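Reading through the structure tokens given below for one structure.
Sequence lines set the chain letters: A, B, ... in the order given, protein chains first and strands last, and positions in each chain run from 1. Quick caveat, the model's predicted, so the values are computed rather than measured.
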Protein chains: 2
Amino acid sequence: MASKKVAPDLDINTEEKIKNAARAVFHKKGFAATRTRDIAEEAGINLALLNYYFRSKEKLFNLIMMETFSGFIKSIVVIFNDETTSLENKVESIASAYIDLLIMEPQIPLFIMSEIRSHPDQLLKTINAKNIITNSAFARQYQQGVKEGKIAPVNILHFIMNLLGLTIFPFIASPMIQVIGDLKEGQFNKLMTERKKMIPKWAKEILKTK
Amino acid sequence: MASKKVAPDLDINTEEKIKNAARAVFHKKGFAATRTRDIAEEAGINLALLNYYFRSKEKLFNLIMMETFSGFIKSIVVIFNDETTSLENKVESIASAYIDLLIMEPQIPLFIMSEIRSHPDQLLKTINAKNIITNSAFARQYQQGVKEGKIAPVNILHFIMNLLGLTIFPFIASPMIQVIGDLKEGQFNKLMTERKKMIPKWAKEILKTK
DNA sequence: GTCTATAACGTGATAGAC
DNA sequence: GTCTATCACGTTATAGAC
């Protein structure tokens, strides 16, 4: 039995090689700026093979987009719907999970936000809208906190925007941040790691602010 | 003398008409997904005219990119370097100025962040790096606050990321926010307007949090 | 300055040999 | 399944008439 390979796709099948290459290139350049030839080259295969396996650039893109987007959303949904954790716990988990993910794959948020601009439907299919939020344990705990006077009576959407903004925005703006802060290799990720501990503290104060 | 027109470009010259159309289309779709024909059509002129005035798609894009980006940055720089206002004042001004701007032109942040991904040099030319931050009145006031124990000793970059994240991120993620929140026409902007008052309060708490 | 027509090129996709 | 060669098409850019 072959050993699990973490590193490059040496002995995995061609279909997987193409998908991995497509993911990398699409994430980096977006749909419109990506040429199928780029993907083929990245995968170390011939252009014709790409169409043999996936029929078209668009079909391949849709596949990658769906996988990336649902993976990105799933993290939130799972954490938000955990009945066994406190609101504070959920905030910590979100910050921690996303920062870990985004240190590994920093292009994901910009990729998703950019492509949604041109394929807005993709989004609506994958998410089943308000239910995710309206019916989550997270929302119930938030409203409960408001009722008990522990949380300021502010629209929960503000808090969600705040939490995601604090967590995700730095990765979207990283080229600007790195220039503004004159950061060297690795310093950016060090800052992001610091934020895993800071964001829950900031969020806690935000929750109390009227 | 002709009266100032806020609305459509009826009697302005062709060059300006093309630039306005190019700005609109590039902002919406990005460089790669934009076809020069789209711009020509939007401008109500012929495709050949575009090349007559601007030589190439890329030259036209660079022009728009420079204008958009420097306009976007200038707001920060001016506010950050005002010696006559307090730190708190500056936070209010940033939130207020950017939210007003982004309600009018919500595509700007995503446009800038996306295009910097492919043209990272453009950025470095326009910003003269660390000086903007390191030498600003804002930075001095921040360090002063830390020294006096009024502000928690946290890297100023964190605070900048927080402030911009709270202000700008909702516009970048607006399609997602609108679905998650099941928002109707206009409700999103109403939320953003609320944030003009809330962000300074949240920022104030964040500044104190160790 | 503005248009129509077209050249020149890049890219997605397929035919067909192996 | 994989490759080379090529087609078909869309897009940028220009030539040339008005």
Distance in angstrom units between [X] [atom1] and [N] [atom2], rounded:
| X | N | atom1 | atom2 | answer |
| --- | --- | --- | --- | --- |
| B:Ile45 | C:dG1 | CD1 | C1' | 11 Å |
| A:Lys17 | D:dG1 | NZ | P | 13 Å |
| A:Phe31 | C:dT11 | CZ | C1' | 12 Å |
| A:Tyr53 | C:dT14 | OH | C1' | 17 Å |
| A:Phe61 | C:dG12 | CZ | C1' | 16 Å |

Check your understanding: In terms of side-chain geometry, is the basic nitrogen of A:Arg140 or A:Glu83 positioned less than 4.0 Å from the acidic oxygen of its partner?
Key -> yes
Atom pairs, protein N/O to nucleotides 13-18 of chain D N/O, distance under 3.5 Å:
from   : atom 1 : to      : atom 2 : distance (Å)
D:dA13 : OP2    : B:Lys57 : N      : 2.7

Point to revise | Check: B:Phe31 main-chain N/O paired with B:Lys57 side-chain donor or acceptor under 3.5 Å | key: yes
Revision key, fill the gap. Output for pair (A:Glu88 CD, A:Gln141 CD), nearest 0.5 Å, gives 11.0 Å
Point to revise | Verdict with reasoning, A:Phe61 to A:Phe54, per ring-ring contact (aromatic ring centres under 6.0 Å, His included) | key: CA-CA 9 Å; A:Phe61 174 80; A:Phe54 297 95; over 10 Å; no
Review point. For the residue pair A:Ile177 and B:Met161, what are the closest heavy atoms and their distance?
Key: CD1-CG, 3.5 Å
Point to revise | Residue list, ring pair (Phe, Tyr, Trp, His ring centres under 6.0 Å) with B:Phe72, at least two apart or on another chain | key: B:Tyr98
